[in-house]
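Naming: A, B, ... by sequence-line order, numbering from 1 per chain. Values in this document were obtained by computation on a predicted structure and should not be read as measured data.
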Amino acid sequence: MSGDEKKLKVEARAPRGLGDREAGELAATNRMLDVIRSVYELYGFEALETPAIEYTDALGKFLPDQDRPNEGVFSFQDDDEQWLSLRYDLTAPLARFVAQNYDRLPKPYRSYRCGPVYRNEKPGPGRFRQFMQFDADTVGSASPAADAEICMMAADALEKLGVARGDYVIKINSRKVLDGVMEAIGIGGEENAGRRLVVLRAIDKLDRLGPDGVRQLLGEGRKDESGDFTKGAGLSLPAIDTILSFSLGGQYEEGKPQFDLFGLLGKSETGAQGARELMEIEDLARDAGYGSDRIRIDPSVVRGLEYYTGPVFEADLTFETRDEKGHPVRFGSVGGGGRYDGLVGRFRNENTPATGFSIGVSRLFAALKLVGSPIVTAQPHVGPVVVLVLDRDRLADYQRMVAQLRGAGIAAELYLGAAGMKAQMKYADRRRAPLVIIQGSDEKAKGEVQIKDLVAGARAAAAIATNEEWKAARPAQFSAPESELAEQVAQALAVQREQA
RNA sequence: GCCGCCAUAGCUCAGUUGGUUAGAGCACCAGAUUGUGGAUCUGGGGGUCCCCCGUUCGAGCCGGGGUGGCGGUACCA
């Protein structure tokens, strides 16, 4: 090959932030999704799938005052020049679906959805540009009972997945309460909207930056280790203290705030209303038997900043793990959600209240591996039985054996490559084949097949030192009449499964 | 976006004060009687030393610029 030709070769690589998932991980992920699905269906939620692509305006993601889609959203133009975008979550598409089918849907409408979402952002460790979410939502109920139910369901799902009670907590807070606190320190009103955003973002960083970092962000600003400066909210010291004492010290004990929340919120009707809703959610959870070890009010929870209108939820894993440097680190959030009463209303005149919860599937998957949940750690992927090809002109015979096995419900395949027997064995090994079927001229003459157990063979290999011995021993294989192929293979597979 | 670090084989990395044909381990392929996975042994394939410009008799190495990757930070529905 000349250098010129070589240069033309396309480099085989996935775009950054996007990855392939192979058989083992797919199987484990599917087992995990099945568990979540069964819990959600138990709660009476029904399946829904919406397309990965939506009109950009339906997602509400045009840049302000520009007819160009927001950065961070993958977008392209249809042949009629309409903007289309890849969905960046599963909530906005649900709102579109409900609005579009409003008249025929039972209300409140409960549904769950699972699928990939896309974000055009800089990827990082554990952050991808395509990732999977699993959502459940109740549309058309303003009742705190709907919020409470979503939280209980999230708790049930985590436990069913193998996260022990005490290793997780569903934290709840309310955007109304947060707004009330900000009103109390004098940054209510339209003119302070930008500043409130900065405050919420600062609170959201509590777990990562700690109180001191957040204090800086609420005040003048903060300079991080890389030398980058983030401008702060410019609050007064008393205001900063109020925010921090609310977010940090404002832990509730069984429905009773540790400090005078209602006094603080006295000036703000929305704030007081938010607090009442929060306590009602908590009461409902308690009445259903969910203690503060599972569902509890936590004023530091902020969540997504755009469309939440009331209660917000966050599922946190509380057990400690260690990072690559050995430092103890908390796993953190594996899902979140809240009430978004305005979303469906973008499509319709009357407002439609809605609440939901979203699980970050790959993050949760990583967490389940850490806690050793059998749902994701069990059974390595098992490949098909491979029928080796020894005599090239007898392909039809081998194919018949494969068909026989498949007819008996056994996953099997014919070796389709061109290599010799040794390479075929390596192939079977790499496919994680449980067994291979060997029939050369000797066996053919006797009407027999050799059935070789690759799993038992690998065990036997440990005791054998030389290649000659290894070849001569032919460990873990036996011959069987060709007519009994399927039965004998089925039996060998059953034995293998028992020993696993 | 901002700041920092890095770039040599598929992967992890060596590479002398600037000196001929750029190396190792792992991975991959193959051995013999075309009938046996692993280990061992032997052999083999695989490189635009990220790109461009400059300095030099001579650059993987020095200088400048670019690109790409990684980490932090910001944004994140």
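Contacts between residues 440-447 of chain A and RNA chain B, defined by a heavy-atom separation below 4.0 Å, involve A/Gly440, A/Ser441, A/Asp442, A/Glu443, listed by number.
With sequence neighbours excluded, the residues forming a side chain to side chain contact (heavy atoms under 4.5 Å, CB included) with A/Arg68 are A/Leu63, A/Gln66, listed by chain and number. Every residue two or more places apart in sequence or in another chain that forms a salt bridge (charged side-chain N to carboxylate O under 4.0 Å, His left out) with A/Arg303 is listed here: A/Glu314.
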Next item on the list: With pairs defined as Watson-Crick or G-U wobble and both distances under 3.5 angstrom, please note down RNA chain B as a dot-bracket string, | for pairing with another strand.
Entry: (((((((..((((.....[...)))).((((.........)))).....(((((..]....))))))))))))....

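Residues A/Glu482 and A/Gln439 have side chains that bring a donor and an acceptor to within less than 3.5 angstrom of each other.
Of all heavy-atom pairs between A/Ala92 and A/Tyr88, the closest is CB-OH, 4.0 Å. The two residues A/Val177 and A/Gly274 have their closest heavy-atom pair at CG2-C, 3.5 Å. Shown here for A/Phe347 and A/Ala99, the closest heavy-atom pair between the two residues is CB-CB, 3.3 Å.
Atom name P, nucleotides B/G46 and B/A39: the rounded distance is 24 Å, in whole Å. The same atom, P, is picked in B/G65 and in B/C6; the two are 15 Å apart, to the nearest Å. Using P as the reference atom, B/G18 and B/C57 are 16 Å apart when rounded to the nearest Å. Taking atom P on both nucleotides, B/A59 is separated from B/G63 by 15 Å, rounded to a whole Å. One P atom belongs to B/U21, the other to B/G25, and the distance between them is 23 Å to the nearest Å. B/G45 sits 39 Å from B/G64 when the P atoms are compared, rounded to a whole Å. Straight-line distance between the C1' atoms of B/G37 and B/G15: roughly 37 Å, to the nearest whole Å. If you take atom C1' in B/U20 and the same atom in B/G60, they sit 15 Å apart, rounded to whole Å.
Checking A/Val199, A/Val312, A/Ile203, A/Ile243 one by one against A/Leu178, the side-chain contact (heavy atoms from CB on, under 4.5 Å) holds for a single residue, A/Ile203.
Using a 4.5 Å cut-off on side-chain heavy atoms (C-beta onward), A/Val361 and A/Leu33 make contact. Between A/Leu435 and A/Leu454, the closest side-chain pair of non-hydrogen atoms is not below 4.5 Å. Looking at heavy atoms from C-beta onward, A/Val385 lies in side-chain contact with A/Ile410 at the 4.5 angstrom threshold.
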Polar pairs (N or O, both sides) under 3.5 Å between protein and nucleotides 27-33 of chain B?
residue	atom	partner	partner atom	Å
B/C28	OP1	A/Arg430	NH2	3.1

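Taking the six-membered ring for Trp and the full ring otherwise, A/Phe131 and A/Tyr118 have centroids separated by 6.0 Å or more.
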Next item on the list: Assess whether side chain to side chain contact (heavy atoms under 4.5 Å, CB included) is satisfied between A/Thr138 and A/Tyr109, documenting all intermediate values.
Entry: CA-CA 6 Å; A/Thr138 301; A/Tyr109 174 65; over 6 Å; no

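Rounded to a whole Å, the OH atom of A/Tyr415 is 14 Å from the C1' atom of B/U36. The nearest whole Å value for the distance from the CD1 atom in A/Ile438 to the P atom in B/G35 is 12 Å. If you measure from atom CD of A/Gln450 to atom C1' of B/G35, you get 10 Å, rounded to the nearest angstrom. Going from atom CD1 of A/Ile437 over to atom P of B/U36 covers 18 Å, rounded to whole Å. Look at CE on A/Met421: it is 8 Å from P on B/G37, rounded to the nearest Å.
A distance-only check finds no donor-acceptor pair linking the side chain of A/Asp316 to the backbone of A/Thr318 [under 3.5 Å]. Counting only distance, with no hydrogens or angles, the side chain of A/Asp391 and the backbone of A/Gly440 share no donor-acceptor pair below 3.5 Å.
Judged by distance alone with a 3.5 Å cut-off, a donor-acceptor contact links the side chain of A/Gln477 to the base of B/U36.
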Next item on the list: Report, as a single string ordered 5' to 3', how protein heavy atoms within less than 4.0 Å touch nucleotides 71-77 of chain B: B base, S sugar-phosphate only, - not at all.
Entry: BBBSSBB

